[in-house]
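Working notes for the structure below.
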Amino acid sequence: MVISELSKAGAFSGSYNSVAMAPKAGILSSPLHGAQHNANQKEQPTFGFTVKWQFSEFPPESVSIFVGQCFTDDQGEETLQTTWLLRKEVGSPGADWEATRVGTTIFTRIK
C-alpha cells in the first residue's frame with residue numbers, strides 16, 4: 001500500500017497492491033481514498049479508507065472499507081491495525097449472505 005501525505009483536512013489517497021487478492025492475475029494496483037481523524041493528532045490516530053478493487057476475480061463493483069488506528073511502539077515502529085469489510089456484487093437478494101467478508105490486517109511500514 002502506498003499512501004500520500006495527509007492534506008490539512010486529514011484526507012489521503014494512494015494505491016493498494018495485493019498479491020493475496022489476485023494470485024493468478026499478478027499484482028494489480030487498486031485506488032484507495034481515506035481520511036485520518038484529527039489531522040493534527042500526533043499519537044495513535046484513527047483512520048479509515050476505501051479500496052476499489054481492480055482484479056479480474058472480483059466484479060468492478062467490489063469494494064473494501066478499512067478502519068483502524070496507527071500505533072507506535074517503544075522503538076518508534078509504526079503499525080496500522082485495521083478491521084475490514086469486503087463487499088462483492090451478487091446476483092440476487094438470496095445471495096446476500098455470501099456478499100460480505102470481514103477480516104483484520106496489520107500493516108507495517110517498509111523503510
Side-chain angles (χ1 to χ4, degrees):
M1 176 171 59
V2 176
I3 55 175
S4 65
E5 264 187 58
L6 288 175
S7 72
K8 289 182 182 179
F12 60 89
S13 61
S15 60
Y16 194 109
N17 305 306
S18 176
V19 175
M21 296 298 291
K24 297 174 190 152
I27 300 172
L28 297 174
S29 184
S30 297
L32 71 82
H33 299 280
Q36 177 181 303
H37 186 273
N38 192 356
N40 296 324
Q41 184 178 349
K42 299 294 182 195
E43 297 180 25
Q44 287 35 291
T46 57
F47 60 88
F49 62 90
T50 60
V51 177
K52 181 181 176 189
W53 296 111
Q54 304 293 315
F55 300 125
S56 60
E57 294 179 18
F58 293 111
E61 294 78 14
S62 293
V63 66
S64 287
I65 300 172
F66 292 75
V67 294
Q69 188 168 357
C70 177
F71 291 101
T72 305
D73 67 16
D74 294 338
Q75 289 76 38
E77 296 296 318
E78 298 171 308
T79 59
L80 303 179
Q81 296 192 17
T82 66
T83 299
W84 53 263
L85 295 172
L86 180 142
R87 177 67 186 208
K88 68 176 186 171
E89 179 185 26
V90 293
S92 68
D96 188 58
W97 67 272
E98 66 178 326
T100 303
R101 299 175 188 177
V102 63
T104 60
T105 301
I106 298 174
F107 298 94
T108 57
R109 183 184 298 270
I110 298 174
K111 295 179 181 180

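What you see is a predicted model; the values in this text were computed from it and never measured.
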Worksheet, complete the sentence: Taken to the nearest 0.5 Å, the spacing of Phe66 CZ from Leu80 CG works out to 11.0 Å
Item to complete: Taking all non-hydrogen atoms of both residues into account, name the closest pair between Trp84 and Thr104 and its distance.
Response: NE1-N, 3.4 Å
Practice prompt. Please report the shortest heavy-atom distance between Glu89 and Ser62, naming the atom on each side.
Written response: N-OG, 4.2 Å
Fill in: Inter-residue atom distance Lys52.NZ - Ser30.OG, 0.5 Å rounding
9.5 Å
Worksheet item: How long is the gap from CZ on Arg109 to OG1 on Thr72, to the nearest 0.5 Å?
Response: 9.0 Å
Worksheet item: With Asp73, which residues qualify under salt bridge (charged side-chain N to carboxylate O under 4.0 Å, His left out), at least two apart?
Response: none
Item to complete: Return the set of residues passing side chain to side chain contact (heavy atoms under 4.5 Å, CB included) with Leu32 (not counting sequence neighbours), or none when no residue passes.
Response: Met1, Ile3, Phe12, Tyr16, Phe49, Val51
Fill in: Atom pair CD/CZ of Glu78 and Phe71 - distance to nearest 0.5 Å
12.5 Å
Worksheet item: Partners of Leu85 by side chain to side chain contact (heavy atoms under 4.5 Å, CB included), sequence neighbours excluded?
Response: Thr100, Val102
Practice prompt. Quick one: list whatever passes side chain to side chain contact (heavy atoms under 4.5 Å, CB included) with Ala95, sequence neighbours left out.
Written response: Val90, Ser92, Glu98
Practice prompt. For Ile106, enumerate each residue passing the side chain to side chain contact (heavy atoms under 4.5 Å, CB included) test, keeping only those at least two apart in sequence or located in another chain.
Written response: Thr79, Gln81
Worksheet entry | Nearest-0.5 Å distance, NZ of residue Lys88 to OG of residue Ser64 | 12.0 Å
Item to complete: May I ask you to decide if Ser13's main-chain N or O and Ser4's side chain share a donor-acceptor pair within less than 3.5 Å?
Response: yes
